[in-house]
Participant: 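Following this message is one structure expressed as structure tokens.
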2 protein chains.
Amino acid sequence: MKLTSQAQAFVLHFGEMGSRWGFNRTVGQMLALLTIQSEPLNADQLAQALKISRGNVSMGLKELQAWRLVELHHLPGDRKDYFTAAGSIWDMARTVFEERRKRELDPTLSLLRQLLLNDPQDEQEARAQEKMQEVYDLLELLDRFANTLSRLEQKDLLKLMKLGSGISKLLALKGKKS
Amino acid sequence: MKLTSQAQAFVLHFGEMGSRWGFNRTVGQMLALLTIQSEPLNADQLAQALKISRGNVSMGLKELQAWRLVELHHLPGDRKDYFTAAGSIWDMARTVFEERRKRELDPTLSLLRQLLLNDPQDEQEARAQEKMQEVYDLLELLDRFANTLSRLEQKDLLKLMKLGSGISKLLALKGKKS
DNA sequence: TATAATTTTCAGAAATTTCTGAAAATTAAG
DNA sequence: CTTAATTTTCAGAAATTTCTGAAAATTATA
């Protein structure tokens, strides 16, 4: 498994962006490679292509499986596990989006819900709680919206995303359907 | 500056979430503290309240200023710099959203644009480029959409986010306005 | 201009995250 | 059951990120 320089560049870039998208470098690289690769790859091939240890590949695949971003296959007469990227690019994006929503919003919503149960003991604390409530309201709205988008049919999601500034016009129509 | 246990919990949590939201622990803590604090704070107060070094505060404030998440103030008769969170919670969220769009999408779009200029040298590479094109198309759409949302007036954004599953119905109306 | 107050910088320390590779565990085949 | 193939685990190593604190730079005041 030798990577073309194109593939190399793509894979390395995904490795570097990985941490911004929620996974580590090698997990990013593995996902990138499996994405542009049509044939399933086994762990040894991944390790060799990416020049990383066998153990690291094992951990990375475990994580990618937890995200449901890869699929396990078996080839006849071969005991090794083979992997491909799971689903279409859109499926992958949806999965990452959904997982990030969970990791980036839910813990905070949960904490804020807790903190807001307590009665403020003084003026200072009351003012702090007002702000926390604002943060909570915003994050909850975001969370629900992200959820709505996740559940939208691809057709509708595509339509929405392509609206551009047409969104305002459409919103102006709300409640006015003839 | 002693923090109440409420404030403490809020601040520590923001520190921990920081890395998921795009900044480091202490930057997250500083932003959290400035958010629930009505009075402007100076660097020494921040260092003392968060139990971090003066140098770290300076670097953190620099970063928060780069994000435009804090505002500099001066108190009469005091040479120190004082800071507050900039704008409303919504303003802050918009800023973070916008900044993350830049960091998480733009570099990848730029690389893919580059890679897709090259002619594929074989079947394997052609297939890889197809996938890269799919990734590009999706990320560009996302980028444009994120931009559209950023630019939306708060009133419209709120309306959109509150639509819930009503989005589908509204989209069905598109092009059918009487 | 000299001095004092304040902020910034940055080399190295500390903390955290990621990675390796050998050993242990699991799985399948004979 | 035994052996061989394969995968997983995880302690410690390596890499990376964050943080400290003292020195340098900047800014304001007298």
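Note that these values count all heavy atoms, side chains included, but never hydrogens, waters or copies made by symmetry. Chain letters run A, B, ... following the sequence lines, proteins first, then strands; residues in each count from 1.
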Participant: Please list, in numerical order, the residues of residues 21-46 of chain A that have a heavy atom closer than 4.0 Å to any atom of DNA chain C.
Facilitator: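 Within this stretch, A:N24, A:R25, A:T26 sit under 4.0 Å of the strand.
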Participant: Tell me if a side-chain donor or acceptor on A:N147 pairs with a main-chain N or O of A:R144 at a distance below 3.5 Å.
Facilitator: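 Not at all, since once roles are kept as given, no pair shorter than 3.5 Å links the two residues.
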Participant: Please determine if B:E130 and B:R127 form a salt bridge, counting it only when a charged side-chain N lies under 4.0 Å from a carboxylate O.
Facilitator: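 Looking at B:R127 together with B:E130, the answer is no, because their closest N to O distance does not fall below 4.0 Å.
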Participant: Between A:R54 and C:dG21, is there a contact of a side-chain N or O with OP1 or OP2 at under 4.0 Å?
Facilitator: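 Negative; the distance criterion is not met.
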Participant: Without decimals, in angstroms, what is the distance between B:E16 CD and C:dA15 P?
Facilitator: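 About 16 Å, once rounded to whole Å.
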Participant: Closest to the A:D81 side chain: C:dT7, D:dT7, D:dG21?
Facilitator: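 Of the options given, the side chain of A:D81 lies nearest D:dT7.
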Participant: Check whether A:Q121 reaches the backbone of A:D119 with its side chain - one donor and one acceptor, N or O, closer than 3.5 Å.
Facilitator: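 Indeed, once roles are kept as given, a pair shorter than 3.5 Å links the two residues.
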Participant: Between B:K62 and C:dT9, is there a contact of a side-chain N or O with OP1 or OP2 at under 4.0 Å?
Facilitator: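 Affirmative; the distance criterion is met.
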Participant: Quick one, give me the B/S/- string for nucleotides 23-30 of chain D, reading 5' to 3', where B means a protein heavy atom under 4.0 Å from the base and S means that only happens at the primed atoms, P, OP1 or OP2.
Facilitator: ----BBS-
Participant: Considering Watson-Crick and G-U wobble pairs with both distances under 3.5 Å, what does D:dA22 pair with?
Facilitator: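 When the pairing criteria are applied, C:dT9 turns out to be the nucleotide that pairs with D:dA22.
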Participant: Counting only heavy atoms not in A:R113, do more than 12 fall under 6.0 Å of its CZ?
Facilitator: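 Yes - once you tally the heavy atoms of other residues, nucleotides and ligands closer than 6.0 Å, there are more than 12.
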Participant: Please give, in whole Å, the distance from D:dT7 C1' to A:N56 CG?
Facilitator: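 Roughly 14 Å, once rounded to whole Å.
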Participant: Nearest to the side chain of B:K80, which nucleotide is it out of C:dT6, D:dC19, C:dT20?
Facilitator: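 Selected nucleotide: C:dT6.
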Participant: Expressed as a whole number of angstroms, how long is the span from A:L72:CG to C:dT27:P?
Facilitator: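 It works out to 13 Å between those atoms.
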Participant: Are the side chain of B:Q45 and the backbone of B:N42 linked by a donor-acceptor contact shorter than 3.5 Å?
Facilitator: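 Side chain of B:Q45 to backbone of B:N42: a pair is present.
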Participant: Under 3.5 Å, is there a donor on one side chain and an acceptor on the other for A:T108 and A:D106?
Facilitator: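 No - no donor-acceptor pair under 3.5 Å links their side chains.
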Participant: So which one's nearest nucleotide on DNA chain C is more toward 5', B:S19 or B:Y82?
Facilitator: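 Residue closer to the 5' terminus by nearest nucleotide: B:Y82.
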Participant: Going by an N to O cut-off under 4.0 Å, is there a salt bridge joining B:R103 and B:E99?
Facilitator: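 Counted as a salt bridge, because a side-chain N and a carboxylate O are separated by less than 4.0 Å.
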Participant: Taking NZ, NE, NH1 and NH2 as the nitrogens, is one of them in B:E98 or B:R94 under 4.0 Å from a carboxylate oxygen of the other?
Facilitator: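 No salt bridge links B:E98 with B:R94.
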Participant: With DNA chain D as reference, determine whether B:S53 or A:F83 sits nearer its 5' end, using the nearest nucleotide of each.
Facilitator: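 Per heavy-atom nearest nucleotide, the more 5' residue is A:F83.
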Participant: Counting N and O atoms only, with roles assigned by atom type, does the side chain of A:W21 sit under 3.5 Å from a partner on the main chain of B:E104, one being a donor and the other an acceptor?
Facilitator: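 Side chain of A:W21 to backbone of B:E104, a donor-acceptor pair under 3.5 Å: yes, one is there.
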Participant: Students often get this wrong, so: under 4.0 angstrom with heavy atoms, is A:I52 touching a base, only sugar-phosphate, or nothing?
Facilitator: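 If one applies the 4.0 Å heavy-atom cut-off, A:I52 turns out to touch the sugar-phosphate alone, with no base involved.
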Participant: Given that both distances must come in under 3.5 Å, which nucleotide forms a Watson-Crick or G-U wobble pair with D:dC1?
Facilitator: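 Checking every strand shown, D:dC1 finds its partner in C:dG30, with both distances under 3.5 Å.
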Participant: Please give, in whole Å, the distance from C:dA4 P to B:D78 CG?
Facilitator: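 Rounded to the whole Å, the gap is 19 Å.
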Participant: Nearest-Å distance, CG (B:L64) to P (C:dT7)?
Facilitator: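 These atoms are roughly 15 Å apart.
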Participant: Calculate the interatomic distance between B:L50 atom CG and D:dT20 atom C1'; express it in whole Å.
Facilitator: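 It works out to 15 Å between those atoms.
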Participant: Measure the distance from CE on B:M59 to P on D:dT18 and round it to the nearest whole Å.
Facilitator: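 Distance, rounded to whole Å: 10 Å.
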Participant: Could you tell me if B:D137 and B:Q133 have a donor-acceptor pair between their side chains, going purely by distance under 3.5 Å?
Facilitator: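 Yes, B:D137 and B:Q133 have a side-chain donor paired with an acceptor closer than 3.5 Å.
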Participant: Send over the distance from A:L61 CG to D:dT6 P, rounded to a whole Å.
Facilitator: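 In whole Å, D:dT6 P lies 15 Å from A:L61 CG.
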